[in-house]
Amino acid sequence: MTDSNSSTFDASFPTPVDLDRVRNIFHTLPYHFIDDDDRVLVPQSQHFSTVYFSDEASLCLSVLSQIRMPLEMFTINEVARAITLWNAEYLGATALLHMTDEGSIEVRFRCSISVEEGLGAQQLEKFLTSALGATEMAVNFMIERFGDLLINGKGADELREVQDVILSSQEIPGLLVPMDINAEAEEYEDFQEDDDVESEHQIQAVTLKRVNDLLVEKGISFTTGDKEFLGAWINEVFIGFVVDNGPTLVIKGDWDPNLDPARDFMKVFMTCNQHNERALLTKAFCHENSDGLQVRVEFSIVVGEGLSTIQLRRNIDLAIHHILMAIDTLSREITGETAVNWPLED
């Protein structure tokens with residue numbers, strides 16, 4: 001099977017993504033994978049990953065992973081603290097806790113990227129390798145803290161084989177199969193003939209200046225900022241923008257309800273965890289400072305292979321939208337009122 005990107009599209013431009021392109025990338029990566037009709041499965045020794053498409057106000061490509069061994073319910077407080085630490089300190093994979101019908105705890109991870117505006121060949125490969133690498137780090141992080149998550153010893157290989165069969169057929173909410181990308185080839189060829197449109201699709205390095213220019217274009221002015229950080233109040237929510245090491249574009253919203261860390265942590269954690277189980281592009285987590293227990297909602301995208309102007313604009317739009325919606329939902333569920341000042345409708 002040949003890479004659909006190689007014969008039809010210019011690799012320096014983002015192009016539509018389907019399962020064929022994902023499969024072809026995996027043929028070049030050092031991972032054993034299983035090809036299925038609506039997903040790609042990546043079984044590993046301590047965890048199992050599923051690569052699939054879904055939708056969250058944008059077509060998204062996601063990597064959903066699960067540590068193979070569960071934990072007992074009595075560990076939930078310690079697991080919640082470890083997941084919070086990971087989500088607050090590390091980029092890439094969102095850690096989440098899933099309670100099973102049998103009364104045990106599964107530790108899962110998700111990485112997602114919007115592919116609504118397409119991806120270049122290098123962008124697609126970078127996302128997959130970064131997602132799988134970040135997930136492996138997260139798995140090791142949790143196993144170091146919870147030895148019962150480790151699967152080894154006599155019968156481990158047989159257990160993995162049984163798990164692979166079960167996990168490969170698990171239902172994933174929102175899973176979909178995008179159209180064949182050849183159906184979009186004509187539209188792509190059209191924009192290549194328009195110099196103005198072509199420049200918007202050209203992949204370039206991501207800088208804060210580019211982010212700033214697009215935000216100014218939207219009428220957003222900053223209350224603080226320098227060469228390394230931009231911050232603005234949007235609908236009374238402070239949202240910061242930074243290009244972090246990696247490089248990664250990180251967009252983070254702050255909600256400061258100043259709750260009691262000792263009394264309210266588990267309630268806030270479980271509310272954030274419910275968000276993380278549903279969401280694709282953002283993660284919510286607890287943050288403690290001198291004023292009390294706060295909430296952060298974060299959107300991140302690896303930009304080592306650059307983004308086109310259209311991709312960057314789309315991701316900024318998605319980040320602001322999902323951060324505000326998340327803080328609205330979280331604040332209503334935790335305090336009974338929204339922390340977001342939505343514009344009044346005419």
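Computed over heavy atoms, backbone and side chain alike; hydrogens, waters and symmetry mates excluded.
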**Asked** Is the Phe33 ring parallel, tilted or perpendicular to the Phe26 ring (thresholds 30°, 60°)?
**Response** tilted
**Message:** So His321 and Leu318, do their side chains get closer than 4.5 Å, heavy atoms only?
**Reply:** no
**Item:** Pairing residues for Asn140 by the side-chain hydrogen bond (donor to acceptor under 3.5 Å, both in side chains) criterion, not counting sequence neighbours
**Value:** none
**Asked** Has Glu288 got more than 12 heavy atoms of other residues, nucleotides or ligands less than 6.0 Å from its CD?
**Response** yes
**Prompt:** Any sub-3.5 Å donor-acceptor pair from Glu236's side-chain atoms to Asn341's backbone N or O?
**Reply:** no
**Prompt:** Can you tell me how far the CG atom of Leu119 sits from the OG1 atom of Thr15, to the nearest 0.5 Å?
**Reply:** 7.5 Å
**Message:** Can you give me the closest heavy-atom contact between Arg23 and Asp36, atom names plus distance?
**Reply:** NH2-O, 3.0 Å
**Message:** Any side-chain to backbone donor/acceptor pair from Asn87 onto Ala95? Under 3.5 Å, distance only.
**Reply:** yes
**Prompt:** Quick one: does Glu305's side chain have a donor or acceptor within less than 3.5 Å of a partner on Lys126's backbone?
**Reply:** no
**Tyr31 side chain near Gln44 side chain, heavy-atom distance below 4.5 Å** = yes
**Item:** Gap separating the CD1 atom of Ile143 from the CE atom of Met69, nearest 0.5 angstrom
**Value:** 10.5 Å
**Request:** May I ask you to decide if Arg278's main-chain N or O and Arg110's side chain share a donor-acceptor pair within less than 3.5 Å?
**Result:** no
**Request:** State yes or no: do Ile83 and Val139 share one hydrophobic cluster built from I, L, V, M, F, W and Y residues joined by side-chain heavy-atom distances below 4.5 Å, directly or via other members?
**Result:** yes
**Request:** Please confirm whether the backbone N or O of Phe109 pairs with a side-chain atom of His47, one donor and one acceptor, at under 3.5 Å?
**Result:** no
**Message:** Check whether Ser331 reaches the backbone of Asp328 with its side chain - one donor and one acceptor, N or O, closer than 3.5 Å.
**Reply:** yes
**Atom CG of Asp148 with >12 non-hydrogen neighbours under 6.0 angstrom** = no
**Item:** Sole residue of Thr329, Thr282, Thr94 in side-chain hydrogen bond (donor to acceptor under 3.5 Å, both in side chains) with His275
**Value:** Thr282
**Message:** Please give me the minimum heavy-atom distance between Ala319 and Phe299, naming the atom from each residue.
**Reply:** CB-CG, 3.5 Å
**Request:** Could you state whether Ile172 and Met99 fall into the same hydrophobic cluster, counting links through intermediate Ile, Leu, Val, Met, Phe, Trp or Tyr residues with side-chain heavy atoms under 4.5 angstrom apart?
**Result:** yes
**Audit row: Asp291, Asp256, side-chain contact (heavy atoms from CB on, under 4.5 Å) steps and yes/no** = CA-CA 9 Å; Asp291 293 323; Asp256 291 345; over 6 Å; no
**Fill in**
In short, Thr135 meets Cys111 closest at the heavy-atom pair OG1-SG, 3.9 Å
**Message:** Looking at Asp213 and Lys209, is there a salt bridge between them, counting it only when a charged N and a carboxylate O are closer than 4.0 Å?
**Reply:** yes
**Asked** Is Asn24 reaching over with its side chain to a backbone N or O of Asp20, donor-acceptor style, under 3.5 angstrom?
**Response** yes
**Request:** Give, for atom CG of Leu128 and atom CG of Leu124, the distance between the pair rounded to the nearest 0.5 Å.
**Result:** 5.0 Å
**Message:** Could you tell me if the side chain of Phe146 sits less than 4.5 Å from the side chain of Val79, heavy atoms only?
**Reply:** yes
**Message:** Checking the side chain of Gln66 only, and the main-chain atoms of Val107 only, is there a donor and an acceptor separated by less than 3.5 Å?
**Reply:** no
**Fill in**
What one should report as the nearest heavy-atom pair of Glu72 and Thr75 is O-OG1, 2.7 Å
**Message:** With a 4.5 Å cut-off on side-chain heavy-atom distances among I, L, V, M, F, W and Y, is there a chain of contacts connecting Leu149 to Phe48?
**Reply:** no
**Item:** Asn315, Ile251, Leu249 screened by side-chain contact (heavy atoms from CB on, under 4.5 Å) with Val211, the one that passes
**Value:** Leu249
**Complete:** Correct closest heavy-atom pair for Val237 and Ala339 would be CG2-O, 4.0 Å
**Message:** Contact between Phe127 and Val115 at the side-chain level, heavy atoms closer than 4.5 Å - yes or no?
**Reply:** no
**Message:** Under a 4.0 Å threshold between the charged nitrogen and the carboxylate oxygen, would Arg160 count as salt-bridged to Asp164?
**Reply:** no
**Message:** Determine whether a donor-acceptor pair (N or O, by modelled atom type, separation under 3.5 Å) exists between the side chain of Asn235 and the backbone of Val340.
**Reply:** no
**Pairwise distance OG1(Thr335) to CG(Leu259) - rounded to 0.5 angstrom** = 8.0 Å
**Message:** I'd like to know whether CD of Glu217 has more than 12 heavy-atom contacts from other residues, nucleotides or ligands below 6.0 angstrom.
**Reply:** yes
**Message:** Using the rule given for side-chain contact (heavy atoms from CB on, under 4.5 Å), can you reason through Ile320 versus Leu215, listing the C-alpha separation, both sets of side-chain angles and the distance that settles it, and then say yes or no?
**Reply:** CA-CA 11 Å; Ile320 294 172; Leu215 289 166; 4.0 Å; yes
**Message:** I want to check something: taking the side chain as every heavy atom from C-beta on, are Val22 and Val17 in contact at a cut-off of under 4.5 Å?
**Reply:** yes
**Request:** Can you measure from CZ (Phe285) to CD (Glu298) and round to the nearest 0.5 angstrom?
**Result:** 5.0 Å
**Qualifying residue for side-chain hydrogen bond (donor to acceptor under 3.5 Å, both in side chains) with Gln311, from Gln204, Gln123, His201** = Gln123
**Prompt:** Is there a path from Met142 to Ile76 through hydrophobic residues (I, L, V, M, F, W, Y) whose side chains come within less than 4.5 Å of each other?
**Reply:** yes
**Request:** Report the C-alpha separation of Thr309 and Leu214 in whole Å, then their side-chain angles, then the decisive distance to 0.1 Å, and conclude whether the side-chain contact (heavy atoms from CB on, under 4.5 Å) test is met.
**Result:** CA-CA 9 Å; Thr309 298; Leu214 289 174; 4.1 Å; yes
**Message:** Are the side chains of Ile327 and Val295 in contact, using a 4.5 Å heavy-atom criterion?
**Reply:** no
**Request:** For residues Cys272 and Ala284, report the shortest heavy-atom separation together with the two atoms involved.
**Result:** CB-O, 3.5 Å
**Asked** Between Asn289 and Gln294, is a side chain to side chain donor-acceptor pair (under 3.5 Å) present by the stated rule, with each step listed?
**Response** CA-CA 7 Å; Asn289 60 22; Gln294 323 298 355; 2.9 Å; yes
**Prompt:** Would you say Glu125's side chain and Ile25's backbone share a donor-acceptor pair under 3.5 angstrom?
**Reply:** no
**From CZ (Phe13) to CD (Glu200), nearest 0.5 Å** = 12.0 Å
**Asked** Can Gln46 and Ile67 be said to form a side-chain contact (heavy atoms from CB on, under 4.5 Å), step by step?
**Response** CA-CA 6 Å; Gln46 302 301 328; Ile67 296 182; 5.5 Å; no
**Prompt:** Is any side-chain heavy atom of Ser308 less than 4.5 Å from a side-chain heavy atom of Glu117?
**Reply:** no
**Cluster check Val302, Ile113: I/L/V/M/F/W/Y, side chain < 4.5 angstrom** = no
**Prompt:** Quick one: are Thr207 and Arg210 in side-chain contact, heavy atoms under 4.5 Å?
**Reply:** yes
